[in-house]
Amino acid sequence: MSQLTNMNNFKPDIAIGDLDLNYFGGENVVTVKVDPTDTTNKFYAGQGVILKDCGADDVAGAPIAGVRSGDTIAIFGVRKRSLKESYNEGGQTMEVAIRGAVMWFKASAALARGVAVTLDTATPGNVKAQSTKAFLGYTLDKVAQNGMVRVMLGCDALTAGS
């Protein structure tokens, strides 16, 4: 007896910026607006963001997100992967996973389970052991270099412009 195949009987591979271990109402994702004055930076899946203060013009609406300018700057959240857009730029809205979400990243080096990690700013979507850099979260898996790893986000930078 042969098995019938169906074009919908597969699951796509995981990718950087995908969420995992979700439950109804528990994604811990917020919608933010990319800093409208930023005409040069693009946000890719797995890239960290900060909250931005744009002065008197941003008193209402979605929170404003900006690019992190260094490894030691605290992380507000991480851009979630979008099936519609490969990146976001100034003035657009995007979804950002925040504290408590579990997201897939690529490991820049071998990592053990439960290791505190930070974002590798040289390569969006990659993580490495924290050392003296800004805290992102904890690994939930043991992984070899360049392997995919789940990270429970613990970032909690709530000071605008941090």
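Screening residues 139-154 for side-chain hydrogen bond (donor to acceptor under 3.5 Å, both in side chains), with sequence neighbours left out, gives D20-R150, D141-R150.
Between Y87 and F43, the distance separating the two ring centers is not shorter than 6.0 angstrom.
Within the 4.5 Å cutoff, side-chain heavy atoms of I98 are placed close to those of F76. Between T39 and T37 there is no side-chain heavy-atom pair separated by less than 4.5 Å. Within the 4.5 Å cutoff, the side chain of L153 has heavy atoms near those of the V78 side chain. Between T31 and P63, every side-chain heavy-atom pair lies at or beyond the 4.5 Å cut-off. Considering only heavy atoms from C-beta on, L119 comes within 4.5 Å of I75 through its side chain. Residues V151 and L136 are in side-chain contact: their nearest non-hydrogen atoms beyond the backbone lie under 4.5 Å apart. You'll find the side chain of V29 reaches within 4.5 Å of the side chain of K80, heavy atoms only.
Atoms OG1 and CG, from T93 and N88 in turn, are 7.0 Å apart once rounded to the nearest 0.5 Å.
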Please table the atom pairs, donor to acceptor, closer than 3.5 Å between any side-chain atom in residues 121-134 and protein atoms at least two apart or in another chain.
residue	atom	partner	partner atom	Å
T121	OG1	D71	OD1	2.4
Q130	NE2	K133	O	3.2

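Between the Q92 side chain and the E89 main chain, a donor and an acceptor come within less than 3.5 Å of each other. Checking side-chain atoms of R99 against main-chain N and O of G154 turns up a donor-acceptor pair under 3.5 Å. Between the side chain of R113 and the backbone N or O of L140, at least one donor-acceptor pair lies under 3.5 Å. Checking side-chain atoms of D35 against main-chain N and O of K52 turns up no donor-acceptor pair under 3.5 Å.
The two atoms that bring N28 and A101 nearest to each other are ND2-N, 3.6 Å, heavy atoms only. A107 and A144 make their closest contact through CB-O, 3.9 Å (heavy atoms, listed as atom of the first residue, atom of the second, distance).
Hydrophobic clustering (ILVMFWY, side-chain heavy atoms < 4.5 Å, transitive): M94 and V30 are in one cluster. By the criterion of side-chain heavy atoms lying less than 4.5 angstrom apart, applied directly or through intervening Ile, Leu, Val, Met, Phe, Trp or Tyr residues, V67 is grouped together with V32 in one hydrophobic cluster.
For the side-chain hydrogen bond (donor to acceptor under 3.5 Å, both in side chains) test, residues two or more places apart in sequence or in another chain that qualify with D38 are T40, N41.
Checked against D18 for a salt bridge (Lys or Arg N to Asp or Glu O under 4.0 Å), the options R79, K106, R81 give a single hit: R81.
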